[in-house]
Amino acid sequence: MKFLPLPLRFFLPLLCVLLLAAYITVPIVDQLTLRWFVKDLDTRASLITTTFSESMGDTSPPQRPAHAQTLLDRIVRDERVLGAGICTSEGTWSVRSVGFPAAGFDCATLAQLARKRPPLAQLPYGLAHVAMLPLSADQGGDQLVLLHDMSFVERRSQITRQYLIILFVVLGSVIALITLIIAQLTWRGWLAGVQALLRGEGLVRPFGMGNRELMPVVEELRGMLRELEDQRRVLHRANNIWTPERLRSLLKSDLRGDEIIVVSNREPYIHERTAEGQIKINRPASGLVTAVEPVMRACSGIWIAHGSGSADRDTVDKLDQVAVPPEDPSYQLKRVWLSEEEEAGYYFGFANEGLWPLCHIAHVRPVFRASDWEHYRAVNQRFADAVVSAARTEDPVVLVQDYHFALVPRMVREKLPRATIITFWHIPWPNSESFSICPWRSEIVDGLLGSTILGFHTPYHCKHFTETVDHLLEANIEQEHSTITYGGHQTLVKNYPISIAWPEGAMPPVEACRQELRERIGVGASHLIAIGVDRFDYTKGLIERVSAVAVMLERHPDMIGRFSLVQVAAPTRSSLEEYRTFHERMDKLVQDVNARFGQPGYQPVHLFATHHDAVTLQRYYRAADACMVTSLHDGMNLVCKEFIAARDDERGVLLLSRFAGAADELPDALIINPYSIEDTADALHEALTMSEAEQRDRMRSLRSTVQHNNVYLWAADMLVDAARTRLRERIEARISANRKEP
């Protein structure tokens, strides 16, 4: 049966049942028809007998035989009457019509047949109805015998039988067709409903069914999906800390070794040529690289990035690829080359003069130029083409990183419609009114909605993005399931708090780190130090931080000569006027504060505007008494987590801006408002004077949070959702294939 086409699966069984019903019904109908005709002939014979008796009553005895013969011959003129006769009381024939079928029929035999029910006799040419009725009221007198032809009954029965069979066949066909149509529509509706539930679009009513019939099934399906989701999340958020090995295991079990491609502007390794002509490898100070590079070590695959190093071209193969990390190659770095004009328009122009200030509420006016937009779109297309050329399968997992590539998801989707595209937006997303400043707002949102999964740091950023979509596009937004369906494609919008790789191995002793840092700034062993580590960017609240230090020294003069802020500020985007101006303002402020509170051999603020490697920064974190993160607006800010991870001595205090995404995750830090200089100054003094016991309690809780919610868990959350989405899409594909089955 399962090998038959779907229409025949409905039609053949129903037709067989109806034919069986016809087979059973026709004999019953024949019997009922026969009984009806027998009853009719009984009545007809009674009328003929009555009429015959009346006619014979007016006839004199001598004339009766002749008159009876005449009447009998007249009766048999009826085509249905085969013969008529009169039997005497002695059981002999008195008179019979001409052509009476006498063979084998005497009065006694006919009397027996007439008493049967039905009273039928088998003649050589068919059945005959036998009626034998008295001609008078006297019992034992003469009886009139009538033989009626029953062949017309057989003919009618045969016609009736044919019509019944035809009726059942036609009726069966119509019923089967109607059943098939309703079943097909209902089945398609059910499949559409299940597909909608799998996509998270809510309830879709199948044909002919309402909420009352569907809701129990829908709720059960939703419950099962939620239970599976909860079980998976509990499983991969278990007590065990996430490691690269667990992440590899997840990829093998859930993604089954699927191809992973990362797209970012910043490359994880830069090859530079030194003055001596040798090649040196640098790792850029980038939060994105800090977060994603450990994931790529665990997952392998290809990382596509802008090749910006002076020796980058000299180290790649013919595919513009190089194996990294240098000490233990585990994935391929594919470089995309940009001209100076393209980099100026795409990166410095549209991305960092336009989108960066637009998304960070740092009161810097965004600048949008049509020429920058053209470069941005062209470079995005080039990176999308690089993804397509690097993909070995039709459905790779593509991780698109940050605001530099808002158009890439849609561009890749057009070439690889089955790809699972995870886009992570590492900076905040502003409210819809603020984002409307961008002249190409609809194109950017449309590009991002080419993603399968679109990730942000916090639920607030997800909410702002959803509101922006609602404001700009005609899209179906499912708040309950955090999905947006646009252009026939569904995007899951979800927050994934980014983190760091928890450090492994032994760290340098805290006392050695303290001595090293204090010797560098020329202070004694008991000197209190707060550390700040940032890119030299106006969104990091550096002006506010130094101003808070000045206010704290004003309010607490006993701290003068006992406290210093060490600010590490890696130069960035120095070609932009806004950054050069900010750099100048920062330098002047530091000079003013040092001039105001400084003493011979003592400076309250040390500004190191140079790049520092990860090892040096870790030593600074371990040496500091406090760490200041005063972002005016930030996606997450990983400096705070790096500081926490470095403090295995459970000492030190974290001052954390409430406008950094990490503030929701780390409530045991001293949460500050960097716009309130006085409140920040008070929090700094509280941190410097906090008891060791309170420091230990706070730091122990912070370390537990960061250790558990590390970068591998961040990646696992996204990859589990990606695996779940890929599984759902495969199920939907099978369902769609079944829907198309004839």
Side-chain angles (χ1 to χ4, degrees), residues 263-265 288 338 341-384 400-414 421 423-451 454-458 460-475 477 484 486-487 491 493 495 537-539 572-573 575-579 582 631-635 659 661:
V263 181
S264 72
N265 178 75
L288 184 150
L338 303 178
E341 183 182 4
E342 288 173 327
E343 187 176 4
Y346 138 78
Y347 179 75
F348 293 108
F350 190 82
N352 289 306
E353 286 188 282
L355 290 180
W356 178 270
L358 176 67
C359 293
H360 288 85
I361 305 174
H363 312 294
V364 173
R365 182 179 180 274
V367 178
F368 293 104
R369 307 179 189 90
S371 58
D372 292 343
W373 166 251
E374 292 302 323
H375 284 302
Y376 183 85
R377 185 168 56 185
V379 171
N380 271 244
Q381 185 64 64
R382 190 178 304 176
F383 273 84
V400 180
Q401 302 298 317
D402 226 349
Y403 61 101
H404 308 93
F405 300 111
L407 307 181
V408 166
R410 179 66 65 192
M411 293 173 172
V412 173
R413 177 72 57 202
E414 291 173 354
I421 304 172
T423 302
F424 194 81
W425 193 264
H426 288 264
I427 62 177
W429 188 276
N431 60 54
S432 59
E433 291 185 3
S434 298
F435 192 78
S436 295
I437 294 172
C438 178
W440 300 279
R441 51 194 175 274
S442 296
E443 289 88 338
I444 290 174
V445 172
D446 173 79
L448 290 172
L449 289 179
S451 309
L454 178 57
F456 295 94
H457 288 298
T458 71
Y460 298 106
H461 300 158
C462 296
K463 179 175 179 291
H464 287 163
F465 178 80
T466 302
E467 291 172 349
T468 302
V469 173
D470 190 36
H471 180 69
L472 294 178
L473 303 176
E474 291 292 333
I477 299 174
I484 299 175
Y486 177 70
T491 302
V493 180
N495 66 297
D537 195 288
Y538 52 77
T539 66
T572 182
R573 303 163 189 164
S575 62
L576 299 180
E577 178 63 28
E578 189 64 42
Y579 283 83
F582 176 73
S631 305
L632 302 180
H633 201 191
D634 222 335
F659 303 114

List the residues meeting side chain to side chain donor-acceptor pair (under 3.5 Å) with [X], not counting sequence neighbours, and say none if there are none.
| X | value |
| --- | --- |
| Glu467 | Lys463 |
| Glu443 | none |
| Thr491 | none |
| Asn431 | Ser434 |

Partners passing salt bridge (Lys or Arg N to Asp or Glu O under 4.0 Å) against [X] (at least two apart in sequence or in another chain):
| X | value |
| --- | --- |
| Glu474 | none |
| Arg441 | none |
| Arg382 | Glu342 |

Would you please say whether a donor-acceptor pair under 3.5 Å links the side chains of Tyr579 and Asn352?
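On atom types as modelled, these side chains do not qualify, holding no pair under 3.5 Å.
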If I compare all heavy atoms of Phe405 with all of Tyr376, which pair ends up nearest, and what's the gap?
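Taking every non-hydrogen atom into account, N-OH, 3.6 Å.
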Between Phe456 and Val493, is there a side-chain heavy-atom distance shorter than 4.5 Å?
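In short, these two side chains touch, coming nearer than 4.5 Å.
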Phe368: which residues meet the ring-ring contact (aromatic ring centres under 6.0 Å, His included) condition with it, sequence neighbours left out?
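Counting only residues at least two positions away or on another chain, Phe368 forms a ring-ring contact (aromatic ring centres under 6.0 Å, His included) with Phe350.
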His375: ring-ring contact (aromatic ring centres under 6.0 Å, His included) partners, not counting sequence neighbours
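With neighbours one apart ignored, the set is empty.
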Going by side chain to side chain contact (heavy atoms under 4.5 Å, CB included), name the residues that satisfy it together with His457, two or more places apart in sequence or in a different chain.
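By the side chain to side chain contact (heavy atoms under 4.5 Å, CB included) rule, His457 matches Phe424, His426, His461, Ile498, Met636.
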Give every residue pair that meets the salt bridge (charged side-chain N to carboxylate O under 4.0 Å, His left out) criterion with at least one member in residues 347-369, sequence neighbours excluded.
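Residue pairs passing salt bridge (charged side-chain N to carboxylate O under 4.0 Å, His left out), neighbours aside: Glu353-Arg369, Arg369-Asp372.
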With sequence neighbours excluded, give me every salt bridge (charged side-chain N to carboxylate O under 4.0 Å, His left out) pair touching residues 423-438.
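Non-adjacent pairs meeting salt bridge (charged side-chain N to carboxylate O under 4.0 Å, His left out): zero.
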Taking the inter-plane angle between the rings of Trp425 and Tyr403 on a 0 to 90° scale, is it parallel (under 30°), tilted (30 to 60°) or perpendicular (over 60°)?
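Ring orientation, 0 to 90° scale: perpendicular.
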